[in-house]
Amino acid sequence: MAKLEIKVPDIGDSSDVPVIEVLVKVGDTVTQEQSLIVLESDKATMEVPSPEAGVIRSLSVKTGDKVSKGTLIGEIETETGAAAAATAAPPAAEPKAVGAAKPKTVEPAAPAPSPAAAAPPAKPAASSSIEVTIPDIGDYNGVPVIEVLVKDGDTVTAEQALLVLETDKATMEIPSPGAGVVQGFKIKAGDKVSKGDAVCTLQGAGPVQAPAAAAPADDRGQGPLLQKPAPVGADLVRDEPAATPQGSSGKPGELPYAGPGTRKFARELGVDLTKVKGSGLRGRIVVEDVQAFVKQTLAQPAAAAASPAGGSGIPPIPAVDFSQFGKIETVPLARIRKLSAAHLHRAWVNIPHVTQTDDADITELEAFRKSASDESGIKLTLLPFVMKAVEKAMQAYPDFNASLSPAGASLIKKKYLHLGFAADTPNGLVVPVIRDVDKKGIVQLANECAELAKKARDGKLKPDEMKGGCFSISSLGGIGGGYFTPIVNAPEVAILGVSRGVMKPVWDGKAFQPRLMLPLSLSYDHRVIDGALGARFIVLLTKLLGDLRRLAL
Ligand code: CAO
């Protein structure tokens with residue numbers, strides 16, 4: 001076992017080169033030559049490989065840092081204890097150029113194709129057509145085609161990318177040698193090509209001249225007939241980062257800005273990189289972006305199911321890169337929050353909601369609650385009283401204890417009466433359910449509410465304790481605030497929002513009296529409950545809460 005310092009090797013004339021990706025983390029086991037970081041100058045993208053196999057013990061660079069030859073990247077613990085020159089960058093650690101524009105003085109173990117390897121001129125087939133062939137791509141033969149960017153009949157401009165090749169070291173675009181219409185395209189993704197292989201014919205191209213000399217990758221446009229593999233990374237660096245909210249650059253024929261590793265990963269998963277927004281430096285697409293894209297795509301069926309139009313009619317909210325406005329932190333949502341978000345969204349878009357509000361005079365109820373609490377020693381909050389009132393109102397108006405059948409053709413009436421109550425927990429909203437409320441008294445309901453609320457906060461609710469509710473109560477009275485619009489907890493058909501009781505002057509026919517008024521907000525599914533029934537229900541509720549004798553009946 002030995003610890004080696006890994007340093008940035010000779011990267012040619014470049015210094016202060018930005019680190020655009022860190023591909024490993026502390027604790028990762030890496031193989032020799034496995035890429036550790038990606039650097040990107042304005043000319044080239046380079047991966048710095050590990051000099052040895054081993055375990056990464058520390059990392060001294062992060063994305064955005066600028067490094068030069070000799071900058072410490074981190075430490076690796078190797079099995080062998082070899083490498084006496086622990087702090088020197090061993091030859092294997094020379095950067096691999098991603099794309100053709102490799103730094104001048106660096107000689108990677110297997111050199112990436114160089115733009116200086118002059119492409120042969122495209123052979124004119126006739127004055128108005130060009131036979132396009134694969135140009136000189138360095139020492140490579142049988143290079144896989146990873147993307148075909150045009151098809152027969154497409155009109156292309158000179159230098160527009162026709163296809164993309166990828167070796168294990170580099171990704172190269174094969175640009176069009178001239179403007180014209182693509183005919184007889186012979187290559188498909190997955191084919192393996194070598195220098196001289198026929199690509200297509202360009203019809204209607206102008207007269208062809210052989211290029212004077214191979215142009216470097218940055219000289220795009222100077223030699224219109226020059227076929228040169230263009231370095232994908234360096235090429236796209238010149239473009240502005242993607243401004244489109246959903247995906248990357250999106251210009252036809254333009255490659256998404258990503259390294260070979262990310263491209264390979266995306267291909268394995270069948271991800272179209274043009275749809276992925278890059279979060280790396282200058283909008284570069286990194287592996288995490290592909291993973292996030294896949295997760296988001298997999299989550300979409302749930303969102304689509306939530307939509308009455310199957311998700312197709314609802315325009316998505318455009319993604320915004322908030323980091324352009326200031327510092328941000330992205331925190332993954334807790335599981336409960338994600339589940340309740342999907343559930344609430346489904347309910348919100350499927351159910352035509354109406355919210356009816358009213359005040360219940362709980363002056364007497366409150367006096368009784370306090371004295372009963374003091375006398376019994378049992379903490380009685382308002383919630384069990386509200387539950388009892390809701391239970392009685394549901395018995396009077398059984399449509400509130402029903403669910404619409406999935407096809408919407410019938411009403412399923414329930415002969416049991418279980419009530420859910422929303423509980424605020426550190427991980428998000430949960431709705432424990434109290435069973436058979438009609439068979440229980442206030443004290444028992446109070447005890448069960450307290451027990452389930454504690455379980456909810458401790459994250460110990462069992463799935464069964466959150467199932468089977470007929471109606472939900474969302475009580476924000478302990479917190480404060482006025483009326484609100486609770487979202488019906490589908491497939492239930494109504495929900496009661498309870499806010500903080502406030503003293504209000506109430507006219508008794510002769511004078512204003514100070515009364516404790518409880519704001520109630522009843523949301524219901526208008527497909528099942530019409531406005532008159534909604535109003536009757538809330539009026540009965542206020543009567544029940546306003547008169548303890550009715551509640552006791
Ligand atoms: N008016 C005035 N005071 C009220 C009140 C009301 N409507 N409701 C409760 N209070 C008082 C209680 O009496 C208690 O006072 P004391 O401590 O002086 O006795 C205090 O506020 C705290 O009550 P509580 O909220 O802890 O107890 P509860 O039984 O009323 O509610 C529970 C339990 C689980 C519903 C509640 O704690 C909770 O989590 N509420 C949030 C629900 C929620 O998030 N809803 C939103 C869903 S939609 O996003």
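Here the structure is a predicted model, which is why all the values come from computation and not from measurement. Remember, it's 1-based here, ligands and their atoms both numbered in the order they're listed. Side chains included, hydrogens not; waters and symmetry mates left out as well; all remaining heavy atoms used.
The shortest N/O to N/O separation between R457 and ligand 1 falls below 3.5 Å.
For atom 11 (C) of ligand 1, the closest non-hydrogen atom on the protein side is G478 CA, 4.2 Å. For atom 47 (C) of ligand 1, the closest heavy atom belonging to the protein is S474 OG, 3.0 Å. With respect to atom 2 (C) of ligand 1, the closest heavy atom belonging to the protein is G501 N, 3.5 Å. For atom 39 (O) of ligand 1, the closest heavy atom belonging to the protein is D424 N, 3.0 Å. Looking at atom 29 (O) of ligand 1, its nearest protein heavy atom turns out to be T381 OG1, 2.6 Å. For atom 16 (P) of ligand 1, the closest non-hydrogen atom of the protein is K379 NZ, 3.5 Å. Regarding atom 31 (O) of ligand 1, its nearest protein heavy-atom neighbour is L383 CD2, 4.2 Å. Scanning all protein heavy atoms for the shortest distance to atom 35 (C) of ligand 1 gives A422 O, 3.5 Å.
A distance-only check finds a donor-acceptor pair linking the side chain of D361 to the backbone of T363 [under 3.5 Å].
For A347 against V488, the heavy-atom pair with the smallest separation is CB-O, 3.3 Å.
Counting heavy atoms under 4.0 Å from ligand 1, residue L518 touches it through the side chain alone. Residue-level proximity to ligand 1 for K370 is absent, since no heavy atom of it falls below 4.0 angstrom. The backbone of S499, and not its side chain, has at least one atom closer than 4.0 Å to an atom of ligand 1 (non-hydrogen atoms only; backbone = N, CA, C, O).
Salt-bridge annotation for R57 and E75: absent, with no side-chain N of the basic residue lying under 4.0 Å from a carboxylate O of the acidic one. With respect to D547 and R549, a salt bridge is recorded, a charged nitrogen being found less than 4.0 Å from a carboxylate O. Taking the charged nitrogens against the carboxylate oxygens, R435 and E448 have no contact shorter than 4.0 Å, which rules out a salt bridge. Between K454 and D458 a salt bridge is recorded (basic side-chain N to carboxylate O distance below 4.0 Å). One finds a salt bridge joining E364 and R515 here, because a Lys/Arg side-chain nitrogen approaches an Asp/Glu carboxylate oxygen to under 4.0 Å.
Between C449 and ligand 1 there is no heavy-atom distance shorter than 4.0 Å.
Protein heavy atoms are found less than 4.0 angstrom from atom 44 (O) of ligand 1. Protein non-hydrogen atoms do not reach within 4.0 Å of atom 18 (O) of ligand 1.
Rounding to the nearest 0.5 Å places CD1 of I37 at 12.5 Å from NZ of K62.
In the vicinity of A423, heavy-atom distances shorter than 4.0 Å reach the ligand 1 atoms 39 (O). Contact atoms of ligand 1 toward R369: 13 (O) (distance under 4.0 Å to a heavy atom of the residue). Within ligand 1, the atoms closer than 4.0 Å to a non-hydrogen atom of L382 are 6 (C), 7 (N), numbered from 1 in the order shown.
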Next on the checklist: Does E147 form a salt bridge (charged side-chain N to carboxylate O under 4.0 Å, His left out) with R263? I'd like the steps, not just the answer.
Outcome noted: CA-CA 10 Å; E147 275 170 86; R263 289 174 177 283; 3.2 Å; yes
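Between the choices A453, S475, G477, S373, the shortest heavy-atom distance to atom 40 (N) of ligand 1 belongs to S475.
Listed by first and then second residue, the side-chain hydrogen bond (donor to acceptor under 3.5 Å, both in side chains) pairs that reach into residues 367-385 are E366-R369, sequence neighbours excluded.
Between H353 and D525, the closest side-chain pair of non-hydrogen atoms is not below 4.5 Å. Annotation: side chain of D359 is not in contact with side chain of L520 (no heavy-atom distance under 4.5 Å).
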